[in-house]
Amino acid sequence: MSALPVNGMLNALVREEAISSDQANTIQTKADGSGESVLNTLMGEGISAKTIAETASKRFGLPLVDLDAVDTSDLPLKLVPEKVLQANTALPLFKRGRRLTVAVADPSDTGAIDGFRFSTNMAIEAVVAEAPKISRVLEDALSDSMEMLGEGLDDDLSNVEFEREDEEAHDIEDSSIQDDVVVKFVTKLLTDAIRKGASDIHIEPYEKQFRIRFRVDGMLTESAKPPANLADRIVARVKVMSRMDISERRLPQDGRIKLKLSKNRSIDFRVNSCPTLFGEKIVLRILDPTSAQLGIDQLGYEPEQKRLYMETLDKPYGMILVTGPTGSGKTVSLYTGLNILNSGDRNISTAEDPAEIVVPGINQVNVNPKVGLTFANALRAFLRQDPDVIMVGEIRDLETAEIAIKASQTGHLVLSTLHTNDAPQTLTRMVNMGVPAYNIASSVSLIIAQRLARRLCNNCRQPDKVPEEELRREGFTEEDLAGSPRIFKAVGCDQCTNGYKGRVGVYQVMPVSEAMGRIIMQGGNAMDIADQSREEGVDDLRRSGLKKVLAGMTSLEEINRVTKD
C-alpha cells in the first residue's frame, strides 16, 4: 500500500523526527475524515504546540515568537476583517508602512496568509507562534471588540422590542428560535450595523452558502458568512422580532424592530422578507431619527441652493418636489425641511409608506391600501383638519397628484417626492401622469434632484494627477481650472472604507420660473426645460458634483459613478 500524501507541516515534523511517517499518514487520514485542521488533529494526538512551533520555525526558516512576551494590548486588528481573523489561526502583530507582520501556527497553510494579504492589500511577513497562544489572544481581542461594540448601549442588549405571534403560527420549535447563540448573533448583527454606519442589512440564503452584507456609504460589502445550516434559524429569529408570521414562507412580508441604544435614543429597523429559491431573503433598512436632525448645512447644499430651499420653505403655499432614485436621501431632505418648519404655530401632517422617521410635533400617517387608506384618502383627510404644511411620501398616481396640487393652490405648503432622473424630467413626468400643464405651472415652486456621493477620508486622501485636457472632457470649465486646482483620489486606511467615510449630497435645485411655466404650457419637453434652467444659472447634478470634487469633498471617480450618463 502506497504512502498517503501528507501536507507541509506533517512533512516538516517527519523530517525532524518528531513523528513517524505512519503517524503522519494516520493524522492526515483523521484530519480528512473529520474535517478538522491538521494542526488541531496533531495536538489531539498528543503532539505539543511548542514542538510544532519550533519545528515550523526551523523547517520554514521563520522567526519563532513567544506571545507571552509580546504586548498584545495594541494589535492592528482593525486592519483585518473579523471573519478573516475567526477563520484562521493567525494573528496580526504590527504594521510597518505597507507591511504587516502576522503570527501563524502553520506556515504551510498558505490560505491563511493569502487571506490576510487579500483582505488588507498589504505585504505579509510571517512569524511562527504556538497555536493555543494565538487562539487565546484572538479570543480575548475579539471579546474586547464585542465590549467596545456595546459601548453606549444599555447593559441589556435584548431591549429590542418585539411581540411574539400566536403559538399556533409557529412551525419551528421555540427552542430553535430562542437558541442563545442565534439570539446573540442577531443582536450583535444589529448593533454591528449601527456601529459601522450601515443603512441596510441584507441576509441572503443561497444553495450552498449563507451570507450577510451591510450597505455602508451606499456600497454593499460582505459582513459575515454564517454556517448555511443556521440560515432558517437566523431568518426565523429576525421574523419573530419583526412580528412577522414565521409560518408564512411563500409570500413577502413587512415588519419592524425597535432597538434601544439608551434612554434617549432608539433605532428602528424596517424589515422585509422575500421568498427566493433557497429560502427567505431578509433586508433590514436602518432608520435613525438623528439623520433628519443634521441640519441643512450638513447635507451638502451649495450656498445658492440652500438659499433657494430656505426661501421656498418660507412661503405659505406652493409645492416642493424632491426627486431621485431609491436611497438617494430624499426622505432626509424632506425631513430637514419639515424640522425647519416644525413650530408650535404650524399644523404639519405627513402621509408615508411607511413613516421612516418619527418626529414629535408632526402628525404622521402610515398609508394602508389594504384597508383603503391611500395617499389620496389621507390627503383628503388632512385638508379637513386645517393644515399648514402637508408632506406626501410619494406622488404615484394622477389622483394623488391632483389633490396635492389643489392643496398647494389653496394656501398650503406641500412637500413630496417623485422618481425621476433630474429636475426638468419631473415636470414632464407630471404631464405624462395626466396633470394639466397649467396646474403644474401655477403650483410647483421648487424641484430638488439629488444623489449621494461618498466623502473622501480626510486622513488618507491624496492629490490625483489628472491632465487638464482630461478634466475639460469631464466637464470642468476654464474658470474651474484657473490656478491649477487640486483634486483628490481615494486611498484607504484603517479609519475609512476604501478611502471614503460618510456621504455628501449632490443637488440640482431648480425654481420653476415663469419662463419654465410657459415652456410647460406650450408643450415643451424636458430638454427645453433643462436649457432654460441652464440659462437661469441652475447647476445640474453633474455640475454640482464637479464642484464637490474641486472642494476636495469627493473624487472624480465617485462623481462619475453617481452622475455620469
Side-chain angles (χ1 to χ4, degrees), residues 82 146 148-154 157-162 183-204 211-224 226 234-235 237-244 252-262 264-274 280-294 298-299 324-336 339 352-359 364 366 393 417 450 452-455 496-497 500-505:
E82 189 170 319
M146 278 296 292
M148 290 172 61
L149 188 67
E151 285 181 7
L153 304 179
D154 287 345
L157 284 179
S158 64
N159 269 342
V160 182
E161 299 175 6
F162 65 96
V183 170
K184 288 181 178 178
F185 176 82
V186 173
T187 304
K188 178 183 181 298
L189 186 69
L190 302 184
T191 55
D192 203 14
I194 295 168
R195 180 178 64 85
K196 292 181 178 179
S199 61
D200 301 87
I201 304 171
H202 290 242
I203 301 175
E204 303 168 317
R211 73 175 178 183
I212 296 173
R213 295 189 290 173
F214 292 166
R215 188 179 294 280
V216 180
D217 295 338
M219 306 295 284
L220 278 171
T221 56
E222 189 174 290
S223 172
I234 290 172
V235 167
R237 172 64 183 169
V238 174
K239 289 177 71 175
V240 168
M241 294 167 70
S242 310
R243 286 167 284 183
M244 295 181 186
Q253 296 185 67
D254 292 302
R256 205 175 185 101
I257 297 172
K258 182 181 287 292
L259 175 66
K260 289 184 65 177
L261 296 177
S262 67
N264 300 318
R265 186 186 175 204
S266 63
I267 301 289
D268 283 347
F269 296 80
R270 193 177 75 198
V271 188
N272 178 265
S273 70
C274 182
E280 291 177 281
K281 173 175 178 175
I282 304 283
V283 175
L284 300 94
R285 168 66 61 88
I286 301 173
L287 309 174
D288 185 356
T290 60
S291 63
Q293 299 169 6
L294 295 174
Q298 280 71 49
L299 297 185
T326 301
S328 60
K330 300 187 297 295
T331 301
V332 172
S333 282
L334 284 175
Y335 268 96
T336 298
N339 276 322
E352 301 168 77
D353 184 22
E356 295 189 2
I357 300 170
V358 178
V359 180
Q364 298 172 272
N366 279 337
T417 71
Q450 68 180 79
L452 287 177
R454 291 177 293 170
R455 282 183 184 269
C496 65
T497 304
Y500 298 96
K501 189 174 183 180
R503 289 191 286 180
V504 63

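Everything numeric in this text was worked out from a predicted model, so none of it was measured. Values reported hereafter were calculated over all heavy atoms of this structure, with side chains retained and with hydrogens, waters and symmetry mates removed.
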Roughly how far, to the nearest 0.5 Å, is the CG atom of Leu334 from the CG atom of Asn339? 11.5 Å

Go through the structure and list residues passing side-chain hydrogen bond (donor to acceptor under 3.5 Å, both in side chains) with Ser333, not counting sequence neighbours. Tyr301, Gln450

Please walk me through it: do Ile286 and Phe214 pass side-chain contact (heavy atoms from CB on, under 4.5 Å)? CA-CA 11 Å; Ile286 301 173; Phe214 292 166; over 6 Å; no

Lys281 vs Glu204, test: side-chain contact (heavy atoms from CB on, under 4.5 Å). Steps then yes/no. CA-CA 5 Å; Lys281 173 175 178 175; Glu204 303 168 317; 3.0 Å; yes

Using the side chain to side chain contact (heavy atoms under 4.5 Å, CB included) definition, which of the options Asn272, Asp268, Asp200, Val238 pairs with Leu284? Val238

Distance from Leu287 atom CG to Arg270 atom CZ, nearest 0.5 Å? 6.0 Å

Given 3.5 Å as the limit, does a donor-acceptor pair link the side chain of Ser223 with the main chain of Ile212, or not? no

Rounded to the nearest 0.5 Å, how far apart are SG of Cys496 and CZ of Arg455? 14.0 Å

Residue pair Ser242 / Val271: nearest heavy atoms and the distance that separates them: OG-CG2, 3.4 Å

Could you tell me which non-hydrogen atom of Asp217 sits nearest to which non-hydrogen atom of Gly502, and how far apart they are? OD2-N, 3.0 Å

What distance separates Ser273 OG from Met244 CE, expressed to the nearest 0.5 Å? 4.5 Å

Ile267 versus Leu190: any side-chain heavy-atom pair under 4.5 Å? no

side-chain contact (heavy atoms from CB on, under 4.5 Å), that's the test. Do Thr497 and Lys196 meet it? Break it down for me. CA-CA 10 Å; Thr497 304; Lys196 292 181 178 179; over 6 Å; no

Is a donor on one side and an acceptor on the other found under 3.5 Å between the side chain of Gln364 and the backbone of Val359? yes

Worked check of side-chain contact (heavy atoms from CB on, under 4.5 Å) between Ile234 and Ile282: CA-CA 10 Å; Ile234 290 172; Ile282 304 283; over 6 Å; no

d(Arg243 CZ, Gln253 CD) to nearest 0.5 Å is 13.0 Å

Taken to the nearest 0.5 Å, the spacing of Arg195 CZ from Lys188 NZ works out to 7.0 Å

Show the nearest heavy-atom pair for residues Ala193 and Ile201, with the distance to one decimal. CB-CD1, 3.5 Å

Smallest heavy-atom separation, Arg256 atom then Ala355 atom, equals NH2-O, 3.0 Å

